[in-house]
Visitor: 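Shown below is the structure under consideration.
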Protein chains: 2
Amino acid sequence: MEIKILLVEDEKKIAEALRKGLSEQHYAVDVAYDGMIGKKLFDSNTYDLAILDINLPLMNGYELCRYIRNHNEQMLVVMLTALNTTENKIEGFDAGADDYIVKPFDFQELLVRIRALLKRLHYPVTTGNVLKVGDLVMNLDSKEVTREGRAIPLTAKEFQLLEYFIRNKNKVVSRIDIALNVWDIDFDTKTNVIDVYVNFLRKKIEKDFSSKLIYTQVGMGYVLKENS
Amino acid sequence: MEIKILLVEDEKKIAEALRKGLSEQHYAVDVAYDGMIGKKLFDSNTYDLAILDINLPLMNGYELCRYIRNHNEQMLVVMLTALNTTENKIEGFDAGADDYIVKPFDFQELLVRIRALLKRLHYPVTTGNVLKVGDLVMNLDSKEVTREGRAIPLTAKEFQLLEYFIRNKNKVVSRIDIALNVWDIDFDTKTNVIDVYVNFLRKKIEKDFSSKLIYTQVGMGYVLKENS
DNA sequence: GATGGGTTTTAATGAATTTTTAATATGTTT
DNA sequence: AAACATATTAAAAATTCATTAAAACCCATC
């Protein structure tokens with residue numbers, strides 16, 4: 001996947017040096033020499049990241065940054081400027097910038113900062129504690145479960161049971177284990193809740209998917225595992 | 001819960017100043033004075049972000065950063081150091097850091113850089129003393145709440161409850177969590193104040209607006225989030 | 001110290017959802 | 001095939017939730 005960068009810088013020498021350096025890193029770079037052209041390019045293309053000088057003709061970097069941010073929350077913005085006061089930096093971040101680099105800077109530093117930002121952009125935004133088994137993802141904070149990226153709504157008990165299975169993946173858990181840990185009851189042979197709930201879970205997390213997850217070990221219990 | 005920060009800094013004066021400043025911004029801060037304690041705290045807690053000095057006793061900041069990154073790719077890491085060469089910065093980013101700030105630095109700059117990073121993880125954005133979730137804006141100083149720019153008057157308890165929801169955006173909070181953190185009571189099953197107040201809030205912040213904010217997870221609690 | 005307006009809490013209702021039971025069907029082991 | 005274990009289904013029971021109204025509380029003002 002090609003990463004597209006919009007570079008807006010009016011000092012042609014710097015612009016050209018950056019364009020060359022970034023191209024060598026296999027980024028696809030479009031260059032604008034003033035803010036209005038930068039805005040036009042932004043309007044008519046899809047970029048992953050923008051590098052903006054602040055002192056630009058026609059439309060300054062702060063304004064352009066704000067414009068970009070208002071139209072695209074995802075896109076990364078790096079401010080690149082000689083203005084080195086805390087006020088300037090705060091104004092830059094307030095305008096929605098993701099990083100602020102002061103000239104003169106080392107090109108290598110720009111590169112690693114860009115990489116650090118892109119890394120975050122490509123990580124899916126799963127805040128918090130997640131448990132994973134293959135393509136099954138359980139978010140313990142939002143209580144959301146997905147498989148192959150598709151959301152699977154679970155009730156409280158279903159969620160608890162699946163969590164117990166995941167935490168004991170590849171281990172056969174008996175009905176007594178499950179009763180004790182998920183239902184907080186001494187196993188009472190008269191009930192078959194556990195069987196029923198395993199059935200509920202299977203319908204939700206296996207039925208419309210290609211592979212099995214919960215296997216029955218007759219006489220022993222159940223085990224959740226990835227393959228065969 | 002709130003946003004949790006792990007601060008590892010051996011110069012006690014700096015550490016204390018940072019801890020104080022960050023706490024005032026409603027971040028929950030744990031402080032370690034050497035790398036090994038930092039590692040132990042990381043192992044036994046869940047943090048959203050780490051601020052690491054590089055020259056640390058027992059285990060330096062690069063090593064700790066690498067350790068954190070190997071065990072948690074989500075967590076944000078900010079390096080904070082007097083080492084101001086490009087080589088140092090590159091080493092920091094290579095170790096998995098998300099930002100690298102050179103001492104002496106302005107505390108305000110650290111704050112805006114932290115905010116810029118948290119924004120990417122879809123945490124509620126705090127600009128100064130303002131919390132934002134989508135078009136909902138809560139000013140902690142003036143105690144004013146607006147949605148789509150329209151003012152929404154809230155009572156003290158309603159405000160506290162909404163603040164708790166916003167600080168726990170995308171996280172399902174149980175009634176026990178809410179009781180403990182907003183009402184300061186051990187949850188007493190006989191009361192349904194929380195349900196009533198959720199109802200109050202919904203009437204004020206959702207009724208006349210296009211999208212829902214507070215969702216019920218039956219048997220688990222409530223969650224405030226932007227979409228579906 | 002009483003009064004009154006707003007805030008907070010309790011209590012009660014019905015509706016919605018989840019959990020459990022129970023009965024029947026299917027499968028497994030000896 | 002018999003005996004036992006598990007799967008499936010539907011309906012009953014239990015729980016949880018939304019909503020409303022009224023009671024209790026708080027606090028500023030008279």
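Proteins come first, then strands; the chains are lettered A, B, ... in the order of their sequence lines, and each starts at number 1.
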Visitor: Can you tell me how far P of C:dT19 sits from CE of B:M220, to the nearest Å?
Guide: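 Going from CE in B:M220 over to P in C:dT19 covers 8 Å.
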Visitor: Using only side-chain N and O atoms of A:Y215, determine if any of them is under 4.0 Å from OP1 or OP2 of D:dT6.
Guide: no
Visitor: Can you find a side chain N or O atom of A:K203 that sits less than 4.0 Å from OP1 or OP2 on D:dT9?
Guide: yes
Visitor: Does D:dA7 have OP1 or OP2 sitting under 4.0 Å from an N or O in the side chain of A:T216?
Guide: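 Checking A:T216 against D:dA7: at least one side-chain N or O falls below 4.0 Å of OP1 or OP2.
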Visitor: Identify which nucleotide among C:dT19, C:dT17, C:dT9 has an atom closest to any side-chain atom of B:V218, counting heavy atoms from C-beta outward.
Guide: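 Among the listed nucleotides, the one closest to the side chain of B:V218 is C:dT17.
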Visitor: What is the distance, to the nearest angstrom, from the NZ atom on A:K204 to the C1' atom on C:dT18?
Guide: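 It is 10 Å, rounded to the nearest whole Å.
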Visitor: With sugar-phosphate meaning primed atoms plus P, OP1 and OP2, does B:V196 contact a base, only sugar-phosphate, or nothing at under 4.0 Å between heavy atoms?
Guide: base
Visitor: With a 6.0 Å cut-off (strictly less than), is the heavy-atom count around NZ of B:K20, excluding the residue itself, greater than 12?
Guide: no
Visitor: Side chains of A:Y62 and A:N88: any donor to acceptor distance under 3.5 Å?
Guide: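 A:N88 vs A:Y62: donor-acceptor pair found between side chains.
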Visitor: Measure from the side-chain heavy atoms of A:T191 and tell me the nearest of D:dA7, C:dT21, C:dT10.
Guide: C:dT21
Visitor: Answer yes or no: does a side-chain N or O of B:N199 lie under 4.0 Å from OP1 or OP2 of D:dT19?
Guide: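 Yes, B:N199 has a side-chain N/O under 4.0 Å of OP1/OP2 on D:dT19.
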Visitor: Does B:T155 place a side-chain N or O at less than 4.0 Å from the phosphate oxygens OP1/OP2 of C:dG6?
Guide: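 No, B:T155 has no side-chain N/O under 4.0 Å of OP1/OP2 on C:dG6.
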Visitor: Nearest 0.5 Å, please: how far is CG in A:N84 from CD1 in A:I101?
Guide: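 One gets 12.0 Å once the value is rounded to the nearest 0.5 Å.
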Visitor: Taking atom C1' of C:dT7 as reference, at what distance in whole Å does atom CG of B:L162 sit?
Guide: 17 Å
Visitor: Are A:D99 and B:R113 within salt-bridge range, i.e. N to O under 4.0 Å?
Guide: yes
Visitor: Would you kindly give the CG-to-C1' distance between B:D184 and C:dT9, to the nearest whole Å?
Guide: 16 Å
Visitor: Between A:L136 and A:V145, is a side chain to side chain contact (heavy atoms under 4.5 Å, CB included) present by the stated rule, with each step listed?
Guide: CA-CA 7 Å; A:L136 183 76; A:V145 173; 3.9 Å; yes
Visitor: Could you tell me how far apart A:Q217 (CD) and C:dG27 (P) are, to the nearest whole angstrom?
Guide: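 Going from A:Q217 (CD) to C:dG27 (P), I get 18 Å.
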Visitor: Would you indicate which nucleotide in C:dT20, C:dT21, C:dT9 comes nearest to any side-chain atom of A:W183?
Guide: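 From the listed options, C:dT20 comes nearest.
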Visitor: Send over the distance from A:I194 CD1 to C:dT21 P, rounded to a whole Å.
Guide: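 Nearest whole value for this atom pair: 11 Å.
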Visitor: Between D:dT6 and A:R175, is there an OP1 or OP2 to side-chain N/O distance shorter than 4.0 Å?
Guide: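 Yes, because at least one side-chain N or O of A:R175 sits under 4.0 Å from OP1 or OP2 of D:dT6.
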Visitor: Which whole-number value in Å describes the distance from A:R202 CZ to C:dT26 C1'?
Guide: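 Checked: the CZ to C1' distance equals 13 Å.
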Visitor: Classify A:F200 by what it touches in the nucleic acid, base, sugar-phosphate, or nothing, heavy-atom distance under 4.0 Å.
Guide: base
Visitor: Separation of B:D195 atom CG from C:dT10 atom C1', in whole Å?
Guide: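 The distance from CG of B:D195 to C1' of C:dT10 comes to 12 Å, rounded to the nearest Å.
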